[in-house]
Amino acid sequence: MSGVYTAAATVCASCVVISLLSRFVTDGGTKKLLTLVLGAFAVAALIFPLRGIVSEIVTQIETAQAPEQDESVAESCRAAVLAQTKANLEQALTDILAQNGIAVKSAEVVLAVADESRVVISSVTLTVSEETARRRDDIDRLTEEHFAVRPQIVTQESDEADG
């Protein structure tokens with residue numbers, strides 16, 4: 001707001017100076033020239049503070065928008081971290097089951113944001129062959145042991161039946 005006060009004070013001071021100087025000149029040609037010069041000075045005295053005010057307003061707007069941009073960058077980083085965590089958990093589950101002789105066609109882990117600092121596993125869906133589905137107790141036990149979630153198991157015909 002100091003820019004507004006500066007602009008107002010400059011304009012008032014220049015108007016007072018112009019009025020005083022124009023009273024001392026009596027000649028018509030000189031008075032017109034002096035009026036032209038002093039008018040140009042008044043316009044300049046008005047423009048320069050206004051330019052400062054406009055730049056101050058632009059700076060305030062940019063500063064106000066910066067947190068929104070920071071927030072959107074943080075949100076996209078958070079989404080990337082969640083996507084990578086999801087992929088890592090799916091790969092880890094597939095590897096754990098494979099180490100125990102259980103072949104999984106696909107694993108899908110669904111994450112949920114518990115609060116600002118915690119993400120939890122909401123659900124796990126495993127796609128397995130009908131033959132592997134017979135080991136449901138082993139699949140449930142291993143998944144609950146490592147992920148604390150009981151998986152949903154979807155059966156799919158084996159690849160040999162597809163060919």
Side-chain angles (χ1 to χ4, degrees), residues 1-15 39-163:
M1 275 323 251
S2 65
V4 174
Y5 297 127
T6 303
T10 304
V11 169
C12 288
S14 63
C15 287
F41 172 76
V43 169
L46 184 63
I47 289 175
F48 285 115
L50 287 178
R51 188 183 65 174
I53 292 170
V54 169
S55 68
E56 186 177 315
I57 290 171
V58 167
T59 303
Q60 289 176 353
I61 290 171
E62 289 173 352
T63 305
Q65 289 176 349
E68 293 172 3
Q69 292 172 349
D70 290 344
E71 195 171 301
S72 68
V73 168
E75 187 63 36
S76 64
C77 287
R78 192 175 301 127
V81 168
L82 284 175
Q84 186 61 48
T85 301
K86 178 184 181 307
N88 290 347
L89 288 170
E90 290 170 353
Q91 185 61 48
L93 180 58
T94 302
D95 291 345
I96 289 169
L97 293 172
Q99 288 172 358
N100 288 282
I102 301 170
V104 177
K105 293 184 181 209
S106 70
E108 182 182 356
V109 175
V110 177
L111 299 176
V113 178
D115 56 42
E116 286 200 25
S117 62
R118 284 187 325 132
V119 175
V120 296
I121 298 173
S122 175
S123 67
V124 173
T125 303
L126 300 170
T127 304
V128 297
S129 67
E130 291 176 7
E131 181 179 313
T132 305
R134 293 183 193 127
R135 296 189 59 192
R136 181 178 189 93
D137 291 339
D138 291 336
I139 295 170
D140 287 347
R141 180 183 52 77
L142 288 168
T143 306
E144 285 183 71
E145 181 179 310
H146 293 282
F147 291 88
V149 174
R150 175 167 241 135
Q152 295 175 345
I153 298 176
V154 177
T155 58
Q156 190 178 52
E157 293 182 18
S158 63
D159 291 337
E160 296 170 3
D162 292 339

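Numbers here simply count residues along the sequence, with the first being 1. For the numbers below, each heavy atom of this structure counts, side chains included, while hydrogens, waters and symmetry mates do not. Computed from a predicted model, the values in this text were never measured in an experiment.
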message: As an exercise, state the distance from OG1 of Thr85 to CG of Leu111, rounded to the nearest 0.5 Å.
response: 7.0 Å
- prompt: Which atoms form the tightest heavy-atom contact between Lys86 and Val109, and what is the distance?
  reply: CE-O, 3.2 Å
task: Search all heavy atoms of Glu144 against all heavy atoms of Val149 and return the closest pair with its distance.
output: CG-O, 3.5 Å
query: salt bridge (Lys or Arg N to Asp or Glu O under 4.0 Å) with Arg134: which residues, sequence neighbours excluded?
result: none
task: Working to the nearest 0.5 Å, report the span between OG of Ser123 and CD of Glu108.
output: 7.0 Å
- prompt: Run the side chain to side chain contact (heavy atoms under 4.5 Å, CB included) check on Phe147 and Leu142 step by step: do they pass?
  reply: CA-CA 8 Å; Phe147 291 88; Leu142 288 168; over 6 Å; no
query: Should the pair Asp137-Arg141 be classified as a salt bridge under the 4.0 Å nitrogen-to-oxygen rule?
result: no
field: Residues which pass side chain to side chain contact (heavy atoms under 4.5 Å, CB included) with Ala103, listed by chain and number, not counting sequence neighbours
entry: none
message: Within this structure, what is the CG-CD1 distance for the pair Asp140 and Ile153, rounded to the nearest 0.5 Å?
response: 5.0 Å
- prompt: With no hydrogens and no angle check, do the side chains of Asp95 and Gln99 hold a donor and an acceptor under 3.5 Å apart?
  reply: no
message: Measuring from atom CG of Asp138 to atom CG of Leu97, what distance do you get when rounded to the nearest 0.5 angstrom?
response: 9.5 Å
query: Side chain of Thr132, backbone of Val128: donor and acceptor closer than 3.5 Å?
result: no
Spacing of OG1 belonging to Thr143 relative to CG belonging to Leu93, to within rounding of 0.5 Å: 5.0 Å
- prompt: Who are the salt bridge (Lys or Arg N to Asp or Glu O under 4.0 Å) partners of Asp115, not counting sequence neighbours?
  reply: Arg118
- request: Output the distance between atom CG (Leu126) and atom CZ (Arg136), rounded to the nearest 0.5 Å.
  value: 9.5 Å
query: If you take all heavy atoms of Thr155 and Ser129, which pair is closest and at what distance?
result: CG2-O, 4.5 Å
